[in-house]
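These values consider heavy atoms only, across backbone and side chains, with no hydrogens, waters or symmetry-generated copies. Nothing fancy with the numbering, it's 1 onward along the sequence. Because the structure is a prediction, the values reported are computed rather than measured.
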Amino acid sequence: MQYININGGRVLGGGLSVHGAKNSVLPILAGSVLIDGESVIHNCPDLSDVKSCTNIIEKLGGSAKREGDTLCVNASDIYYSEISKELMGQMRSSIIFLGSLSARRGRACMFLPGGCKIGARPIDIHLRALQSLGYKISFDGSFICCERDSARGGAVTLPFPSVGATENTILASALLDGRTVINNAAREPEIEDLAAFLNSAGARIYGAGSSVIEIEGVKKLNSTEHTVIPDRILASSIMSAAAAAGGEVTIKSITLSHLVPVLPVFEEMGCKLFVSKSELKIKAPKRIKAVKSIVTGVYPSFPTDSQAPVMAALCRAKGSSIIKETIFENRLQHAAELSRFGADIVVSDRTAVVNGVSTLHGAEAYCTDLRGGAAVIIAALGAEGESRIYNINHVDRGYEKIEAQLSQLGADIRRINDEKGQQVKT
């Protein structure tokens, strides 16, 4: 059993480059299923979720080989149309294979996805979108089958700008006859990256990054090469670590425009930001200030994935901060874990009031989910004394060797293999 050991209270300094975006590479890997050939994907982080995706591709008949941060996927021999319950249970975003596999093979069957329990992620939006294109869906509450049948391009209007439903609709439409128009589409940078990847293989996708996306179906997608965009959530997590522990950190290989939704929050904390197109330096005061209000929302609003790391930083702020979560109903579970460090957080429904305290102390805490795991690590960095963080498999889903990245900035953090197999909370 592994855990992370942190001796907190050390000011951070130095710089690091962020890896490719988890939320971008997973739909890109699902998109590689559409390609009759090889996809060479650069800046691909070595994450457990990426491994789960490649396991799915390999079980479907494809292959995947990693060399450094480059992943080579060959889907020429995709022959299987069903994804097992075990593979689907490894991550929440596995549902994005529904559109690509049914478009490529004519049929796709899979179980409901698993992953972090941060709240409902209804798939009815996905299913209705594919049905609008003529796909035939059967769903018994746990097992889904989607058949391409006589599907063709058409109009799809999403009731909510769901990232996953937008991705699934793009993937399901790329090889259909005719023209598909997605109204009320998600606008996240990761949607643009998926479209750029597919277009490099011969797809015709227009308007990604806006609320209306058009797809002109093509007969075939060919081998391609693509570089994944930088992970904006990792960048905001490193900024949160600097705000929590203090110091001056330079974050390299960013796309500055993708970070615009979070920058005002750090400025309100009293952090000084020095920015360029591909680099950001954050200089944190000895103790940050509270922020009046943070409300998560769809892009370009404050990202839900940045909420937990920022909350951890605000635990030591001067004053009280209010955070409202609007995307996932259970995404404040980490608040209870942060209280183990002496944080004062009051949660009511989807709103958290973070009353800043002057000091945090070391503690044993548990990762509740991917971003909640980052939050407890960040809290430990800003706390006095030793902390142990358990259930770190959650963090490995979206952060590549987080202990190595933070060590690079001067943190006293190590991954420990507990040979006694200590029991951890689930």
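One N or O on the side chain of Ser84 and one on the backbone of Leu87 form a donor-acceptor pair closer than 3.5 Å. Put simply, the side chain of Asp149 never gets that close to the backbone of Ala151: no donor and acceptor are under 3.5 Å apart. At least one donor-acceptor pair closer than 3.5 Å links the side chain of Ser162 to the backbone N or O of Ala165.
When side chains are defined from C-beta on, Leu406 does not count as touching Leu16, because their heavy atoms never get closer than 4.5 Å.
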Practice prompt. Decide side-chain contact (heavy atoms from CB on, under 4.5 Å) for Asn393 and Gln2; before the verdict, give the C-alpha distance in whole Å, the side-chain angles of both, and the deciding distance to 0.1 Å.
Written response: CA-CA 8 Å; Asn393 58 293; Gln2 294 184 334; over 6 Å; no
Practice prompt. Could you please spell out the steps behind the side-chain contact (heavy atoms from CB on, under 4.5 Å) verdict for Leu234 and His19?
Written response: CA-CA 8 Å; Leu234 169 58; His19 57 58; 3.6 Å; yes
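A salt bridge links Asp396 with Arg415: at least one charged nitrogen is closer than 4.0 Å to a carboxylate oxygen. Salt-bridge check for Lys22 with Asp231: failed, with every basic side-chain N at 4.0 Å or more from each acidic carboxylate O. Taking a cutoff of 4.0 Å between a charged side-chain nitrogen and a carboxylate oxygen, Glu190 and Arg232 qualify as a salt bridge. Ionic pairing of Arg179 and Glu214 is present here: one or more N-O contacts between side-chain nitrogen and carboxylate oxygen are shorter than 4.0 angstrom.
When the ring-ring contact (aromatic ring centres under 6.0 Å, His included) test is applied to His226, the partners found at least two apart in sequence or on another chain are Phe197. For Phe302, there are no ring-ring contact (aromatic ring centres under 6.0 Å, His included) partners at least two apart in sequence or on another chain. Listed by chain and residue number, Ser293, Lys324, Thr326 satisfy the side chain to side chain contact (heavy atoms under 4.5 Å, CB included) test with Val295 (two or more places apart in sequence, or in another chain). Taking Ala195 as the reference, Ile205, Ala208 meet the side chain to side chain contact (heavy atoms under 4.5 Å, CB included) condition, with sequence neighbours excluded.
Checked by atom type, the side-chain pair Asn23/Asp305 shows a donor-acceptor distance below 3.5 Å. Residues Ser237 and Tyr399 have side chains that bring a donor and an acceptor to within less than 3.5 angstrom of each other. No donor-acceptor contact under 3.5 angstrom links the side chains of Thr351 and Asp349, judged on distance only. For Asn168 and His126, the side-chain atoms include at least one donor-acceptor pair closer than 3.5 Å. A donor atom on one side chain and an acceptor atom on the other are found under 3.5 Å apart for Arg331 and Thr304. Side-chain atoms of Glu386 and His361 include no donor-acceptor pair closer than 3.5 Å. A donor atom on one side chain and an acceptor atom on the other are found under 3.5 Å apart for Thr224 and Ser200. Side chain to side chain, Ser32 and Ser39 fail the donor-acceptor criterion of an N or O pair below 3.5 Å. For the residue pair Gln90/Ser52, the side-chain donor-acceptor check at 3.5 Å is satisfied. Residues Glu325 and Gln307 have side chains that bring a donor and an acceptor to within less than 3.5 angstrom of each other.
Other residues, nucleotides and ligands contribute only 12 or fewer heavy atoms inside 6.0 Å of the CD atom of Glu86.
The CD atom of Glu167 sits 9.5 Å away from atom CD1 of Ile28, with the distance rounded to the nearest 0.5 Å. Atom CZ of Arg148 sits about 5.0 Å away from atom CG of Leu176, to the nearest 0.5 Å. Separating the CD1 atom in Ile56 from the CG atom in Leu29 is a distance of 9.5 Å, to the nearest 0.5 Å. In this structure, CG in Leu98 is found 7.5 Å from CD1 in Ile123, a value given to the nearest 0.5 Å. The structure places CG of Leu71 at 5.5 Å from CZ of Arg66, a figure rounded to the nearest 0.5 Å. Here the straight-line distance linking atom CD1 of Ile416 with atom CD1 of Ile4 works out to 9.5 Å at 0.5 Å rounding.
For the residue pair Ser173 and Leu133, the shortest heavy atom distance occurs at OG-CD1, 3.3 Å. What you find for Leu171 and Ile96 is that their closest heavy atoms are CD1-O, 3.4 Å. Residue Cys53 comes nearest to Leu26 through the heavy atom pair SG-CD2, 3.7 Å, listed as atom of the first residue, atom of the second, then distance.
A distance below 2.5 Å between sulfur gamma atoms is not met by Cys109 and Cys146.
Applying the ring pair (Phe, Tyr, Trp, His ring centres under 6.0 Å) test to every pair with at least one member in residues 50-94, sequence neighbours left out, gives no pairs at all. Within the structure, every pair that satisfies the ring pair (Phe, Tyr, Trp, His ring centres under 6.0 Å) test and touches residues 143-192, not counting sequence neighbours, is listed here: Phe111-Phe143.
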